[in-house]
Amino acid sequence: MVLRDSSGIIQCVVDLSKPHLKKAEEITLESSLELTGVVKKDPRAPEGIEIHVDELKIVGLAEPFPIRESAVAVDSEYLLDVRHLWLRSRRMQAVLKVRDTVFKSIHEFFRSKGYYEVQCPMFITAAVEGGATLFTVDYFGRRDVYLTQSSQFYLEALIYSLEKVYTIAPSFRAEKSRTRRHLTEFWHAEAEEAWTHLNDILHVEEELISYIVNRVLEERVDELKVLKRDISRLENIRAPFYRLTYDEALEILHDKGFYLKWGEDLGADEERALTMEFDKPVFIIGFPEQCKAFYHKNDPKRPEITLSADLLAPEGYGEIIGGGERIEKADELIEKIRRFGLDPKDYEWYIDLRRYGSVPHSGFGLGVDRLVMWICGLSHIREAVPFPRDIRRIYP
Ligand code: 4AD
Ligand code: MG
(Lines give C-alpha, C1' and ligand atoms only; values in the text may rest on other atoms or scores of the structure.)
(Ligands and ions follow the chains in the order given, each with its own letter.)
Protein backbone atom coordinates (compact mmCIF):
# COMPACT_ATOMS: atom_id res chain seq x y z
CA MET A 1 0.00 0.00 0.00
CA VAL A 2 0.98 3.64 -0.47
CA LEU A 3 0.98 5.96 2.51
CA ARG A 4 0.69 9.75 2.31
CA ASP A 5 1.45 12.52 4.75
CA SER A 6 2.11 16.22 4.17
CA SER A 7 5.71 15.49 3.17
CA GLY A 8 4.84 13.08 0.34
CA ILE A 9 4.11 9.42 -0.32
CA ILE A 10 5.89 6.16 0.49
CA GLN A 11 5.25 2.53 -0.41
CA CYS A 12 4.65 0.16 2.51
CA VAL A 13 5.04 -3.61 2.48
CA VAL A 14 2.78 -5.62 4.80
CA ASP A 15 3.29 -9.32 5.35
CA LEU A 16 -0.29 -10.64 5.53
CA SER A 17 0.88 -14.03 6.74
CA LYS A 18 1.64 -12.43 10.12
CA PRO A 19 -1.58 -12.71 12.18
CA HIS A 20 -1.30 -9.25 13.82
CA LEU A 21 -1.05 -7.63 10.35
CA LYS A 22 -3.94 -9.51 8.76
CA LYS A 23 -6.27 -6.54 9.40
CA ALA A 24 -4.39 -4.68 6.65
CA GLU A 25 -6.64 -6.50 4.20
CA GLU A 26 -9.59 -4.37 5.37
CA ILE A 27 -7.84 -1.07 4.68
CA THR A 28 -9.67 1.03 2.11
CA LEU A 29 -8.47 3.96 0.01
CA GLU A 30 -7.88 7.10 2.16
CA SER A 31 -8.06 5.25 5.50
CA SER A 32 -5.82 6.77 8.15
CA LEU A 33 -3.18 4.67 9.90
CA GLU A 34 -0.46 4.68 12.48
CA LEU A 35 2.36 2.29 11.77
CA THR A 36 5.91 1.42 12.67
CA GLY A 37 8.39 -0.46 10.55
CA VAL A 38 11.82 -0.47 8.97
CA VAL A 39 12.72 1.86 6.11
CA LYS A 40 14.58 0.03 3.35
CA LYS A 41 16.11 1.06 0.08
CA ASP A 42 14.39 -0.50 -2.90
CA PRO A 43 14.99 0.75 -6.42
CA ARG A 44 11.64 -0.72 -7.52
CA ALA A 45 9.65 1.46 -5.09
CA PRO A 46 8.31 4.74 -6.55
CA GLU A 47 10.36 6.86 -4.15
CA GLY A 48 13.38 4.54 -4.05
CA ILE A 49 12.62 3.50 -0.46
CA GLU A 50 9.82 1.58 1.23
CA ILE A 51 8.65 0.71 4.73
CA HIS A 52 8.50 -2.91 5.89
CA VAL A 53 5.66 -2.72 8.38
CA ASP A 54 6.02 -4.25 11.89
CA GLU A 55 3.01 -2.77 13.70
CA LEU A 56 -0.16 -1.32 12.27
CA LYS A 57 -3.17 0.49 13.75
CA ILE A 58 -6.18 1.56 11.68
CA VAL A 59 -7.23 4.98 13.04
CA GLY A 60 -10.05 5.85 10.63
CA LEU A 61 -11.37 3.24 8.24
CA ALA A 62 -12.59 5.15 5.16
CA GLU A 63 -15.91 4.59 3.43
CA PRO A 64 -15.55 3.97 -0.32
CA PHE A 65 -13.70 7.08 -1.56
CA PRO A 66 -15.66 8.92 -4.29
CA ILE A 67 -12.66 10.09 -6.36
CA ARG A 68 -10.40 7.96 -8.46
CA GLU A 69 -7.54 10.20 -9.63
CA SER A 70 -7.16 8.59 -13.00
CA ALA A 71 -10.87 8.73 -13.79
CA VAL A 72 -11.44 12.50 -13.91
CA ALA A 73 -10.21 15.51 -15.86
CA VAL A 74 -8.39 17.82 -13.44
CA ASP A 75 -10.62 20.84 -14.10
CA SER A 76 -13.96 19.04 -14.10
CA GLU A 77 -17.01 20.37 -12.24
CA TYR A 78 -17.12 17.13 -10.30
CA LEU A 79 -13.72 17.76 -8.75
CA LEU A 80 -14.94 21.22 -7.73
CA ASP A 81 -17.95 19.66 -6.00
CA VAL A 82 -15.65 17.40 -4.00
CA ARG A 83 -12.86 19.95 -3.59
CA HIS A 84 -12.81 19.29 0.17
CA LEU A 85 -11.60 15.76 -0.69
CA TRP A 86 -9.67 16.54 -3.89
CA LEU A 87 -7.33 18.74 -1.79
CA ARG A 88 -5.65 15.43 -0.83
CA SER A 89 -4.50 14.75 -4.40
CA ARG A 90 -0.82 15.03 -5.26
CA ARG A 91 -1.69 17.75 -7.71
CA MET A 92 -3.50 19.97 -5.19
CA GLN A 93 -0.86 19.23 -2.59
CA ALA A 94 1.78 20.54 -5.02
CA VAL A 95 -0.23 23.68 -5.87
CA LEU A 96 -0.88 24.42 -2.19
CA LYS A 97 2.81 24.13 -1.34
CA VAL A 98 3.78 26.50 -4.15
CA ARG A 99 1.04 28.85 -2.93
CA ASP A 100 2.47 28.70 0.59
CA THR A 101 5.90 29.69 -0.70
CA VAL A 102 4.37 32.53 -2.75
CA PHE A 103 2.57 34.05 0.27
CA LYS A 104 5.59 33.59 2.50
CA SER A 105 7.92 35.26 0.03
CA ILE A 106 5.62 38.27 -0.44
CA HIS A 107 5.97 38.90 3.30
CA GLU A 108 9.72 38.27 3.19
CA PHE A 109 10.17 40.71 0.33
CA PHE A 110 8.22 43.60 1.82
CA ARG A 111 9.66 43.17 5.30
CA SER A 112 13.23 43.05 3.98
CA LYS A 113 12.58 46.35 2.17
CA GLY A 114 11.23 48.22 5.20
CA TYR A 115 7.48 48.13 4.47
CA TYR A 116 5.04 47.90 7.36
CA GLU A 117 2.30 45.29 7.19
CA VAL A 118 -1.15 46.79 7.82
CA GLN A 119 -4.74 45.54 7.91
CA CYS A 120 -7.64 47.29 6.21
CA PRO A 121 -11.42 46.86 6.47
CA MET A 122 -13.42 44.50 4.28
CA PHE A 123 -16.70 46.45 4.79
CA ILE A 124 -16.49 49.70 2.87
CA THR A 125 -18.82 52.47 1.70
CA ALA A 126 -17.37 53.68 -1.63
CA ALA A 127 -16.20 51.86 -4.76
CA VAL A 128 -12.50 51.79 -5.60
CA GLU A 129 -12.69 49.96 -8.92
CA GLY A 130 -16.10 51.03 -10.22
CA GLY A 131 -19.67 50.22 -9.24
CA ALA A 132 -20.22 47.34 -11.67
CA THR A 133 -18.40 44.73 -9.59
CA LEU A 134 -19.45 45.81 -6.07
CA PHE A 135 -20.98 43.27 -3.71
CA THR A 136 -23.64 44.89 -1.54
CA VAL A 137 -23.84 43.78 2.09
CA ASP A 138 -26.95 43.85 4.25
CA TYR A 139 -25.38 45.86 7.07
CA PHE A 140 -28.20 46.48 9.56
CA GLY A 141 -30.35 47.85 6.77
CA ARG A 142 -27.82 50.42 5.47
CA ARG A 143 -27.76 50.67 1.69
CA ASP A 144 -24.23 51.86 1.02
CA VAL A 145 -22.16 49.06 2.48
CA TYR A 146 -20.10 46.85 0.20
CA LEU A 147 -17.29 44.29 0.30
CA THR A 148 -13.93 45.79 -0.55
CA GLN A 149 -12.58 45.53 -4.12
CA SER A 150 -9.12 46.74 -3.08
CA SER A 151 -7.49 48.07 0.09
CA GLN A 152 -5.79 50.82 -1.88
CA PHE A 153 -7.54 53.89 -0.43
CA TYR A 154 -6.86 52.74 3.12
CA LEU A 155 -3.22 52.07 2.25
CA GLU A 156 -3.03 55.61 0.87
CA ALA A 157 -4.25 56.92 4.24
CA LEU A 158 -1.66 54.80 6.05
CA ILE A 159 1.38 56.11 4.12
CA TYR A 160 1.00 59.42 5.97
CA SER A 161 1.78 57.48 9.12
CA LEU A 162 4.14 54.73 7.94
CA GLU A 163 5.32 55.82 4.45
CA LYS A 164 5.78 52.28 3.05
CA VAL A 165 2.91 49.86 3.67
CA TYR A 166 1.56 46.58 2.33
CA THR A 167 -1.26 44.20 3.02
CA ILE A 168 -2.34 40.75 1.86
CA ALA A 169 -6.10 40.38 2.07
CA PRO A 170 -9.11 39.12 0.16
CA SER A 171 -10.74 41.42 -2.38
CA PHE A 172 -14.23 40.86 -3.73
CA ARG A 173 -15.56 41.47 -7.22
CA ALA A 174 -19.04 40.66 -8.43
CA GLU A 175 -17.64 39.35 -11.72
CA LYS A 176 -20.69 38.41 -13.73
CA SER A 177 -18.86 36.41 -16.35
CA ARG A 178 -16.99 33.20 -15.79
CA THR A 179 -13.48 33.32 -17.18
CA ARG A 180 -10.30 31.35 -16.62
CA ARG A 181 -8.80 34.18 -14.57
CA HIS A 182 -11.64 35.73 -12.56
CA LEU A 183 -12.83 34.82 -9.09
CA THR A 184 -15.43 36.66 -7.02
CA GLU A 185 -13.14 36.41 -3.99
CA PHE A 186 -9.41 36.62 -4.62
CA TRP A 187 -6.25 37.29 -2.61
CA HIS A 188 -4.77 40.69 -3.17
CA ALA A 189 -1.24 41.76 -2.19
CA GLU A 190 -1.17 45.54 -2.28
CA ALA A 191 1.55 48.06 -1.55
CA GLU A 192 1.59 51.84 -1.35
CA GLU A 193 4.60 54.08 -0.94
CA ALA A 194 5.06 57.77 -0.22
CA TRP A 195 7.49 59.91 -2.22
CA THR A 196 7.39 57.64 -5.27
CA HIS A 197 6.52 58.14 -8.92
CA LEU A 198 5.39 55.61 -11.52
CA ASN A 199 8.89 54.38 -12.39
CA ASP A 200 9.83 53.80 -8.76
CA ILE A 201 6.86 51.54 -8.20
CA LEU A 202 7.52 49.56 -11.39
CA HIS A 203 10.95 48.72 -9.98
CA VAL A 204 9.34 47.44 -6.78
CA GLU A 205 6.91 45.31 -8.81
CA GLU A 206 9.57 43.64 -10.94
CA GLU A 207 11.81 43.04 -7.92
CA LEU A 208 8.89 41.51 -6.03
CA ILE A 209 7.92 39.12 -8.84
CA SER A 210 11.54 38.12 -9.46
CA TYR A 211 12.00 37.45 -5.76
CA ILE A 212 8.87 35.28 -5.50
CA VAL A 213 9.68 33.20 -8.58
CA ASN A 214 13.22 32.70 -7.37
CA ARG A 215 12.03 31.52 -3.94
CA VAL A 216 9.63 29.05 -5.57
CA LEU A 217 12.52 27.70 -7.64
CA GLU A 218 14.59 27.32 -4.46
CA GLU A 219 11.89 25.53 -2.47
CA ARG A 220 9.39 23.93 -4.80
CA VAL A 221 11.05 22.30 -7.80
CA ASP A 222 9.63 18.88 -6.83
CA GLU A 223 6.11 20.31 -6.73
CA LEU A 224 6.57 22.06 -10.09
CA LYS A 225 7.60 18.70 -11.52
CA VAL A 226 4.44 17.06 -10.18
CA LEU A 227 2.55 19.80 -12.02
CA LYS A 228 4.63 19.14 -15.18
CA ARG A 229 5.64 22.80 -15.23
CA ASP A 230 8.36 23.76 -17.72
CA ILE A 231 10.82 25.02 -15.14
CA SER A 232 13.16 26.62 -17.70
CA ARG A 233 10.40 29.19 -18.33
CA LEU A 234 10.62 30.33 -14.71
CA GLU A 235 14.40 30.36 -14.51
CA ASN A 236 14.42 33.27 -16.89
CA ILE A 237 12.25 35.53 -14.71
CA ARG A 238 14.65 38.20 -13.54
CA ALA A 239 14.25 41.98 -13.39
CA PRO A 240 14.26 44.15 -15.42
CA PHE A 241 11.06 43.17 -17.21
CA TYR A 242 9.99 44.46 -20.62
CA ARG A 243 8.28 47.83 -20.91
CA LEU A 244 5.81 48.77 -23.63
CA THR A 245 3.66 51.86 -23.84
CA TYR A 246 -0.05 51.38 -24.40
CA ASP A 247 0.44 52.91 -27.86
CA GLU A 248 3.19 50.41 -28.73
CA ALA A 249 1.06 47.54 -27.46
CA LEU A 250 -1.77 48.69 -29.74
CA GLU A 251 0.58 48.67 -32.75
CA ILE A 252 1.82 45.16 -32.00
CA LEU A 253 -1.78 44.03 -31.62
CA HIS A 254 -2.74 45.61 -34.96
CA ASP A 255 0.02 43.56 -36.62
CA LYS A 256 -1.50 40.45 -35.03
CA GLY A 257 -4.97 41.25 -36.33
CA PHE A 258 -6.52 42.84 -33.22
CA TYR A 259 -8.10 46.13 -34.24
CA LEU A 260 -8.52 47.97 -30.95
CA LYS A 261 -9.39 51.65 -31.17
CA TRP A 262 -7.21 54.01 -29.14
CA GLY A 263 -8.89 54.28 -25.73
CA GLU A 264 -10.18 50.73 -25.61
CA ASP A 265 -8.91 48.51 -22.82
CA LEU A 266 -7.00 45.30 -23.47
CA GLY A 267 -9.06 42.18 -22.85
CA ALA A 268 -7.95 38.64 -22.07
CA ASP A 269 -7.57 37.77 -25.79
CA GLU A 270 -5.38 40.79 -26.51
CA GLU A 271 -3.25 40.13 -23.43
CA ARG A 272 -2.82 36.51 -24.46
CA ALA A 273 -1.74 37.47 -27.97
CA LEU A 274 0.67 40.09 -26.61
CA THR A 275 2.38 37.92 -24.02
CA MET A 276 2.52 34.62 -25.90
CA GLU A 277 5.97 35.35 -27.29
CA PHE A 278 7.49 37.05 -24.25
CA ASP A 279 9.90 35.11 -22.07
CA LYS A 280 9.48 37.56 -19.16
CA PRO A 281 6.63 39.65 -17.79
CA VAL A 282 5.90 42.89 -19.63
CA PHE A 283 4.64 46.26 -18.34
CA ILE A 284 2.03 48.08 -20.38
CA ILE A 285 2.46 51.73 -19.42
CA GLY A 286 0.31 54.81 -19.88
CA PHE A 287 -3.28 53.67 -20.36
CA PRO A 288 -5.80 56.22 -21.65
CA GLU A 289 -7.81 57.93 -18.93
CA GLN A 290 -11.01 56.08 -19.88
CA CYS A 291 -9.38 52.63 -19.31
CA LYS A 292 -8.50 53.23 -15.68
CA ALA A 293 -10.21 54.16 -12.40
CA PHE A 294 -10.46 57.84 -11.42
CA TYR A 295 -7.66 57.87 -8.83
CA HIS A 296 -4.88 57.49 -11.43
CA LYS A 297 -2.83 60.64 -11.98
CA ASN A 298 -2.95 61.97 -15.54
CA ASP A 299 0.37 62.51 -17.26
CA PRO A 300 1.06 66.27 -17.09
CA LYS A 301 2.81 66.05 -20.47
CA ARG A 302 -0.04 64.14 -22.10
CA PRO A 303 -3.21 64.60 -20.05
CA GLU A 304 -5.24 62.08 -22.09
CA ILE A 305 -3.15 59.23 -20.61
CA THR A 306 -2.53 58.16 -17.02
CA LEU A 307 0.66 57.38 -15.09
CA SER A 308 -0.52 53.79 -14.77
CA ALA A 309 0.83 50.37 -15.65
CA ASP A 310 -0.34 46.77 -15.77
CA LEU A 311 2.13 43.95 -15.45
CA LEU A 312 1.33 41.02 -17.76
CA ALA A 313 2.70 37.54 -17.13
CA PRO A 314 4.21 35.74 -20.16
CA GLU A 315 3.04 32.58 -21.96
CA GLY A 316 -0.39 34.09 -22.53
CA TYR A 317 -1.29 34.50 -18.84
CA GLY A 318 -1.77 38.26 -18.96
CA GLU A 319 -2.47 40.80 -16.20
CA ILE A 320 -1.21 39.96 -12.72
CA ILE A 321 -0.63 43.49 -11.36
CA GLY A 322 -2.39 46.82 -11.76
CA GLY A 323 -0.96 50.03 -10.34
CA GLY A 324 0.49 53.47 -10.83
CA GLU A 325 0.87 56.98 -9.50
CA ARG A 326 -2.01 58.59 -7.60
CA ILE A 327 -3.51 62.06 -7.90
CA GLU A 328 -1.85 64.35 -5.36
CA LYS A 329 -3.91 67.53 -5.47
CA ALA A 330 -7.39 67.85 -3.96
CA ASP A 331 -8.83 70.05 -6.74
CA GLU A 332 -7.50 67.75 -9.47
CA LEU A 333 -9.00 64.73 -7.69
CA ILE A 334 -12.40 66.39 -7.16
CA GLU A 335 -12.56 67.41 -10.80
CA LYS A 336 -11.71 63.90 -11.98
CA ILE A 337 -14.26 62.30 -9.65
CA ARG A 338 -16.89 64.58 -11.24
CA ARG A 339 -15.61 63.88 -14.75
CA PHE A 340 -16.16 60.17 -14.04
CA GLY A 341 -19.76 60.86 -13.06
CA LEU A 342 -19.14 60.15 -9.37
CA ASP A 343 -20.00 62.23 -6.32
CA PRO A 344 -17.10 63.80 -4.37
CA LYS A 345 -19.24 63.50 -1.23
CA ASP A 346 -18.74 59.72 -1.36
CA TYR A 347 -14.97 60.22 -1.25
CA GLU A 348 -14.65 62.88 1.46
CA TRP A 349 -12.02 61.17 3.60
CA TYR A 350 -10.06 60.12 0.52
CA ILE A 351 -9.98 63.74 -0.67
CA ASP A 352 -8.91 64.83 2.85
CA LEU A 353 -5.66 62.94 2.31
CA ARG A 354 -4.82 65.62 -0.30
CA ARG A 355 -5.88 68.52 1.93
CA TYR A 356 -3.47 67.99 4.81
CA GLY A 357 0.08 67.82 3.50
CA SER A 358 -0.19 65.72 0.33
CA VAL A 359 2.85 63.86 -1.04
CA PRO A 360 3.51 62.17 -4.38
CA HIS A 361 2.82 58.47 -4.00
CA SER A 362 2.28 55.30 -6.00
CA GLY A 363 1.19 51.75 -5.40
CA PHE A 364 -0.03 48.54 -6.91
CA GLY A 365 -2.14 45.43 -6.41
CA LEU A 366 -0.97 41.92 -7.23
CA GLY A 367 -3.54 39.18 -7.83
CA VAL A 368 -1.89 36.39 -5.86
CA ASP A 369 -4.10 33.60 -7.24
CA ARG A 370 -3.26 34.66 -10.79
CA LEU A 371 0.41 34.67 -9.90
CA VAL A 372 0.14 31.13 -8.52
CA MET A 373 -1.76 30.09 -11.66
CA TRP A 374 1.06 31.33 -13.89
CA ILE A 375 3.92 30.00 -11.74
CA CYS A 376 2.27 26.56 -11.61
CA GLY A 377 1.33 26.70 -15.30
CA LEU A 378 -2.37 26.03 -14.56
CA SER A 379 -5.10 26.44 -17.14
CA HIS A 380 -7.74 27.84 -14.75
CA ILE A 381 -7.51 30.13 -11.73
CA ARG A 382 -9.80 27.78 -9.77
CA GLU A 383 -6.96 25.26 -9.71
CA ALA A 384 -4.77 27.77 -7.85
CA VAL A 385 -7.13 28.22 -4.87
CA PRO A 386 -8.17 25.65 -2.25
CA PHE A 387 -11.84 26.73 -2.14
CA PRO A 388 -12.60 28.83 -5.23
CA ARG A 389 -15.56 31.19 -5.45
CA ASP A 390 -17.05 32.30 -8.73
CA ILE A 391 -20.44 33.39 -10.05
CA ARG A 392 -21.86 29.87 -9.64
CA ARG A 393 -19.75 28.33 -6.92
CA ILE A 394 -19.72 28.95 -3.16
CA TYR A 395 -19.61 25.26 -2.09
CA PRO A 396 -17.71 23.60 -0.46
O1 4AD B 1 -6.24 45.88 -11.63
P2 4AD B 1 -6.99 45.90 -10.34
O3 4AD B 1 -8.46 46.03 -10.41
O4 4AD B 1 -6.35 47.09 -9.50
C5 4AD B 1 -6.75 47.45 -8.24
O6 4AD B 1 -7.60 46.92 -7.57
C7 4AD B 1 -5.91 48.54 -7.64
N8 4AD B 1 -6.74 49.30 -6.70
C9 4AD B 1 -4.71 47.91 -6.96
C10 4AD B 1 -3.79 48.92 -6.34
O11 4AD B 1 -3.26 49.75 -7.06
N12 4AD B 1 -3.60 48.87 -5.04
O13 4AD B 1 -6.66 44.57 -9.51
C14 4AD B 1 -5.31 44.28 -9.20
C15 4AD B 1 -5.00 42.84 -9.55
C16 4AD B 1 -5.18 42.49 -11.03
O17 4AD B 1 -4.04 42.82 -11.77
C18 4AD B 1 -5.42 41.00 -10.96
O19 4AD B 1 -4.19 40.30 -10.88
C20 4AD B 1 -6.15 40.82 -9.66
O21 4AD B 1 -5.90 41.97 -8.89
N22 4AD B 1 -7.60 40.68 -9.88
C23 4AD B 1 -8.27 39.52 -9.83
N24 4AD B 1 -7.85 38.26 -9.60
C25 4AD B 1 -8.78 37.27 -9.61
N26 4AD B 1 -10.09 37.47 -9.83
C27 4AD B 1 -10.56 38.73 -10.06
N28 4AD B 1 -11.86 38.93 -10.26
C29 4AD B 1 -9.62 39.82 -10.07
N30 4AD B 1 -9.74 41.15 -10.25
C31 4AD B 1 -8.50 41.66 -10.13
MG1 MG C 1 -6.51 45.86 -13.65
Side-chain angles (χ1 to χ4, degrees), residues 102 106 110 115 118 120 124 126-135 146-159 164-193 196 198 201-202 204-205 208-209 212 246 265-268 270-271 275 281-285 287-288 290-297 306-313 317-327 350 361-375 378 380-385 388-391 393:
V102 167
I106 296 171
F110 282 122
Y115 290 77
V118 295
C120 303
I124 51 113
V128 183
E129 296 298 328
T133 61
L134 272 180
F135 272 113
Y146 314 102
L147 291 177
T148 189
Q149 299 165 308
S150 158
S151 298
Q152 179 191 323
F153 291 178
Y154 295 92
L155 296 180
E156 286 187 60
L158 284 156
I159 61 161
K164 296 166 74 166
V165 294
Y166 81 98
T167 194
I168 308 180
S171 280
F172 303 88
R173 308 271 170 109
E175 302 283 357
K176 282 168 195 98
S177 58
R178 269 178 125 213
T179 77
R180 295 188 165 269
R181 57 181 202 165
H182 285 95
L183 296 167
T184 50
E185 176 182 332
F186 69 96
W187 280 82
H188 209 169
E190 296 184 273
E192 199 70 27
E193 189 171 340
T196 54
L198 176 62
I201 214 69
L202 299 190
V204 178
E205 292 175 31
L208 169 66
I209 299 300
I212 298 169
Y246 170 86
D265 203 359
L266 310 182
E270 287 83 14
E271 290 185 2
T275 60
V282 53
F283 287 109
I284 311 293
I285 302 171
F287 283 86
Q290 57 267 44
C291 291
K292 291 287 171 198
F294 69 85
Y295 54 74
H296 287 279
K297 181 170 170 170
T306 51
L307 298 172
S308 63
D310 281 358
L311 181 64
L312 314 186
Y317 279 93
E319 181 187 344
I320 52 172
I321 295 183
E325 195 165 334
R326 321 306 189 188
I327 297 176
Y350 186 63
H361 62 286
S362 306
F364 64 90
L366 161 67
V368 188
D369 317 285
R370 285 194 189 175
L371 177 66
V372 172
M373 177 185 175
W374 162 53
I375 290 177
L378 308 175
H380 203 297
I381 195 167
R382 292 183 308 212
E383 286 188 73
V385 189
R389 265 83 182 96
D390 66 24
I391 190 167
R393 184 164 294 279

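We count ligands from 1, going down the list as the structure has it; atoms in each ligand are counted the same way. Sequential numbering from 1 along the given sequence is applied to the chain's residues.
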Task: Shortest protein contact, atom 7 (C) of ligand 1 (heavy atom only) - done: Glu129 OE2, 3.2 Å
Task: For Arg181, side chain to side chain donor-acceptor pair (under 3.5 Å) partners two or more places apart - done: Glu271
TODO: Kindly identify the option in His188, Glu192, Arg370 whose heavy atom sits closest to atom 18 (C) of ligand 1.
DONE: Arg370
- [ ] Using only heavy-atom distances, determine whether the side chains of Glu192 and Tyr115 contain a donor-acceptor pair under 3.5 Å.
- [x] no
TODO: Would you please test Tyr146 and Phe172 for ring pair (Phe, Tyr, Trp, His ring centres under 6.0 Å) and show each step?
DONE: CA-CA 9 Å; Tyr146 314 102; Phe172 303 88; over 10 Å; no
Open item on the list: Assess, by modelled atom type and distance only, whether the side chains of His188 and Ser171 contain a donor and an acceptor separated by less than 3.5 Å.
Closed with: yes
Task: Min heavy-atom dist Asp369 to ligand 1 below 4.0 Å - done: no
Open item on the list: With a heavy-atom distance limit of 4.0 Å, tell me whether Leu371 approaches ligand 1 through its side chain, its backbone, both, or neither.
Closed with: neither
- [ ] Find, among atoms of Glu319 that are N, O or S, the one nearest to the Mg ion (ligand 2), and state its name.
- [x] OE2
- [ ] Counting heavy atoms only, name the option from Arg173, Glu190, Arg326 that's nearest to atom 30 (N) of ligand 1.
- [x] Arg173
Task: For atom 28 (N) of ligand 1, closest protein heavy-atom neighbour - done: Leu183 O, 2.8 Å
TODO: Pick, from Phe364, Tyr317, Phe186, Trp374, the option with the minimum heavy-atom distance to atom 31 (C) of ligand 1.
DONE: Phe186
